[in-house]
Protein chains: 2
Amino acid sequence: MNRFGVIMDDRKRMVLSAIVNDYIATAEPVGSRTIVRKYKLGVSPATVRNEMADLEELGYVQQPHTSAGRIPSDRGYRYYVDYLMQQRELTGEEAALICKEYESKVKDIGQVIQRTGQLLSQLTQCAAMVLKPQSGMSAFKHIQLVPIFQSNAIVIVVMDTGTVHNRMIDLPESVTPADLETVSSVLNAKLQGLTMEKIKLVLIKEIYNELVGHRHFVDLAMELIQDSFSLKSEDKVYLGGVFNILNQPEFHNVEKVKTLLSLLEQEEQLCSLLAVKENTGAVTVRIGGEINHKDIQECSMVTASYQVGDRVVGSIGVLGPTRMEYAKVIGIIDFMRKSLSQALERVFQG
Amino acid sequence: MNRFGVIMDDRKRMVLSAIVNDYIATAEPVGSRTIVRKYKLGVSPATVRNEMADLEELGYVQQPHTSAGRIPSDRGYRYYVDYLMQQRELTGEEAALICKEYESKVKDIGQVIQRTGQLLSQLTQCAAMVLKPQSGMSAFKHIQLVPIFQSNAIVIVVMDTGTVHNRMIDLPESVTPADLETVSSVLNAKLQGLTMEKIKLVLIKEIYNELVGHRHFVDLAMELIQDSFSLKSEDKVYLGGVFNILNQPEFHNVEKVKTLLSLLEQEEQLCSLLAVKENTGAVTVRIGGEINHKDIQECSMVTASYQVGDRVVGSIGVLGPTRMEYAKVIGIIDFMRKSLSQALERVFQG
DNA sequence: TGTTAGCACTCTATCTTTATGAGTGCTAAA
DNA sequence: TTTAGCACTCATAAAGATAGAGTGCTAACA
């Protein structure tokens with residue numbers, strides 16, 4: 001109840017629901033006549049007008065100008081998503097497409113991520129992003145120092161989530177391939193199966209002692225291992241289907257497209273958009289200003305995390321106009337989140 | 001000389017040059033008055049009009065409509081690029097920016113590629129693409145089979161250009177980590193330093209004989225090695241700075257933007273755009289229809305290949321409107337091509 | 001007290017009309 | 001060969017006219 005004494009009731013909820021549904025479908029402000037005609041409330045347009053005035057009072061809808069219909073406000077969408085929207089099962093076609101994608105054997109994590117993103121954007125008609133498995137949660141599996149030329153080598157680090165990192169290092173003149181082999185095997189023996197914290201706190205000294213004389217590039221290797229855990233300077237997220245949202249009338253303004261594109265080209269920004277705070281399995285919906293980013297005030301994001309076993313390792317999400325089909329998108333994200341988790345599970349526990 | 005007996009002469013060349021320069025700068029059709037005023041030809045507008053009519057006859061310029069100035073045709077740009085344009089040295093600022101980028105030590109090939117692309121798009125104000133070092137030209141360096149769980153492992157292949165490929169494979173129940181070690185070292189010993197052709201033709205049988213009993217996953221490993229050479233299913237090209245070209249008035253039409261974006265999101269398409277036919281070091285300019293792709297009739301591409309030693313391993317390029325600043329862009333591409341080649345050289349020969 | 005018909009009013013979007021002016025091609029004179 | 005002069009074209013912008021969707025308010029009604 002607000003200061004005018006207006007409170008939400010069932011009919012207002014029906015009207016709000018009608019407004020949101022119709023606006024999502026048509027992208028046009030919704031008038032009282034339309035609501036009565038299409039949604040059969042059994043009352044007159046005048047009554048609906050009164051309700052709409054109340055809904056505006058409550059902050060759920062707004063008028064672009066005096067003689068236009070109403071469009072939902074961010075708050076209206078929020079109410080809709082939380083209370084009004086009815087869940088929508090995937091169509092057989094959608095489900096089939098997803099299942100088919102994940103039934104084939106996983107050859108390469110990167111490829112699974114990419115295909116997931118493509119499918120997601122195709123099904124939701126939004127821009128899709130997929131955060132690759134993050135090493136923060138995974139454990140060290142294997143390290144290998146591969147000599148390339150006299151003076152440099154590649155350090156390869158494999159995590160137990162199947163991700164592989166590599167980087168180039170310089171070698172002191174004196175180092176032989178055999179030395180590299182030694183270092184590789186000591187590191188492997190000592191670090192196997194550990195997470196970053198343990199590596200950091202417990203074992204560094206021990207390794208140092210064992211590898212006296214190779215400290216220089218043990219340092220470099222450790223630096224890489226550390227980077228691997230924090231995923232520095234890597235391709236962390238898949239982004240695709242951006243052109244989909246250009247179909248939406250709200251993006252017929254090139255300035256907006258430009259702002260959006262330059263945002264999406266910055267990987268750190270994508271990461272922060274995808275970073276899921278709560279690790280519950282649930283699907284998260286952020287609407288307009290809730291995203292808390294000035295360049296995408298008129299967009300919503302639907303995100304969810306995926307797991308390997310019981311570890312949350314990454315997340316998937318879509319970005320679309322606030323006027324997106326929430327019911328459909330939420331259903332798809334949830335389904336894909338589960339499918340992706342299962343597929344990865346099968347790889348690692350299978 | 002064409003069927004009307006009109007031939008190119010110096011004054012026509014000056015007029016054409018003025019039209020192209022002015023149109024590049026303003027994006028507006030260029031009229032006879034403007035040319036006389038800005039480019040001081042020392043003749044009257046009427047004279048210039050006659051010349052322009054001739055240039056139209058020759059197919060170098062065209063009129064958007066009867067009472068507008070002229071704009072260059074693809075053929076006009078071509079003539080400009082081939083004969084009229086004067087080379088433009090990089091500004092100190094540009095050169096400094098590029099040099100600074102490449103003076104720091106290379107840690108990771110992927111990162112160099114990415115920074116190269118970012119710099120390229122920033123300097124040219126076009127969309128930039130960089131084809132990563134292709135393995136077709138490189139030689140096998142190292143393979144490593146890393147067990148992840150009981151039933152699967154990661155095959156890692158390192159090429160002598162410093163690129164690393166990996167993929168997951170299933171293992172038969174019976175295989176032990178020690179077996180993997182054996183296979184790794186046999187493959188390493190046999191394949192070291194060879195290019196694909198040699199591996200294919202000469203050695204497969206030999207390896208089979210040596211690894212009787214492990215044929216199944218030797219097959220898988222060989223498949224990956226093969227894929228590594230052809231770079232299948234991998235992130236082959238960096239793309240960035242697409243938002244830059246939205247500043248150009250020719251892209252104020254959202255339909256065009258959409259067409260372009262959906263093209264650029266397809267990696268195979270990017271590859272075919274970047275694939276350089278002639279491996280000469282020269283910078284290649286393709287204008288409008290010369291690109292031979294219906295979705296980018298109104299764009300030009302400037303590309304060049306880069307090398308490691310004397311092997312061409314990849315290429316860089318930009319995509320912009322046909323109305324791009326060719327002189328500047330060509331200068332930048334050429335400079336960056338050399339800088340990138342040198343930087344990679346330093347890594348591999350240093 | 002809640003609902004509805006009626007009506008005047010507002011505002012946008014669209015269409016038409018009307019300048020305006022940049023730029024041309026042609027002709028005839030220099 | 002060059003140029004001044006002039007009639008002509010066409011896109012763009014501004015101004016006005018019209019239509020229509022939708023509103024809020026008032027008064028009557030159940």
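Each chain gets a letter, A, B and so on, in the order the sequences are listed, and its residues count up from 1.
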Peer 1: Tell me if the CD atom of A/Q297 is crowded by more than 12 foreign heavy atoms within 6.0 Å.
Peer 2: yes

Peer 1: If we ignore hydrogens and angles and just use 3.5 Å, is the side chain of A/Q125 paired with the main-chain N or O of A/Q122 as donor and acceptor?
Peer 2: yes

Peer 1: Show me, pair by pair, the donor-acceptor contacts under 3.5 angstrom made by side chains of residues 246-257 of chain B, not counting sequence neighbours?
Peer 2:
residue	atom	partner	partner atom	Å
B/N247	OD1	A/K258	NZ	2.5
B/N247	ND2	B/N244	O	3.3
B/Q248	OE1	B/R323	NH2	2.5
B/E250	OE1	B/R323	NE	3.2
B/E250	OE1	B/R323	NH2	3.1
B/E250	OE2	B/R323	NE	3.0
B/N253	OD1	B/E255	N	2.7
B/N253	OD1	B/K256	N	3.4
B/E255	OE2	B/K258	NZ	3.4
B/K256	NZ	B/E298	OE1	3.1

Peer 1: Strictly below 4.0 Å, N to O, side chains only: are A/E290 and A/R78 in salt-bridge contact?
Peer 2: yes

Peer 1: Just wondering, are more than 12 heavy atoms of other shown residues or ligands nearer than 6.0 Å to CD in B/Q266?
Peer 2: yes

Peer 1: Strictly distance-based, threshold 3.5 Å: is any side-chain N or O of B/R11 a donor or acceptor partner for the main-chain N or O of B/L41?
Peer 2: no

Peer 1: Can you run down the side-chain hydrogen bond (donor to acceptor under 3.5 Å, both in side chains) pairs that involve residues 67-77 of chain A, sequence neighbours left out, and say none if there aren't any?
Peer 2: A/E56-A/R70

Peer 1: When rounded to the nearest 0.5 angstrom, what is the spacing between OH in A/Y80 and CD1 in A/I24?
Peer 2: 4.5 Å

Peer 1: Checking the side chain of B/E265 only, and the main-chain atoms of A/G241 only, is there a donor and an acceptor separated by less than 3.5 Å?
Peer 2: yes

Peer 1: For a 4.0 angstrom threshold against heavy atoms of chain A, report the outermost contacting nucleotides of DNA chain C in 5' to 3' order.
Peer 2: C/dT3 to C/dT12

Peer 1: I need the residues from residues 12-44 of chain B with at least one non-hydrogen atom less than 4.0 Å from DNA chain C; give them sorted by number, or say none.
Peer 2: B/G31, B/S32

Peer 1: For B/T124 and B/V302, run side-chain contact (heavy atoms from CB on, under 4.5 Å): C-alpha distance rounded to whole Å, both residues' side-chain angles, the deciding distance at 0.1 Å, then the answer.
Peer 2: CA-CA 11 Å; B/T124 61; B/V302 179; over 6 Å; no

Peer 1: Is A/E94 paired with A/R88 through a side-chain N to carboxylate O contact shorter than 4.0 Å?
Peer 2: yes

Peer 1: Within residues 64-72 of chain A, which residues have any heavy atom lying less than 4.0 Å from an atom of DNA chain C?
Peer 2: A/H65, A/T66, A/S67

Peer 1: Distance alone, cut at 3.5 Å: any donor-acceptor contact between the side chains of A/D22 and A/Y39?
Peer 2: yes

Peer 1: Let's see if you get this right: which residues in residues 45-56 of chain B place a heavy atom under 4.0 Å from DNA chain C?
Peer 2: B/R49, B/M52

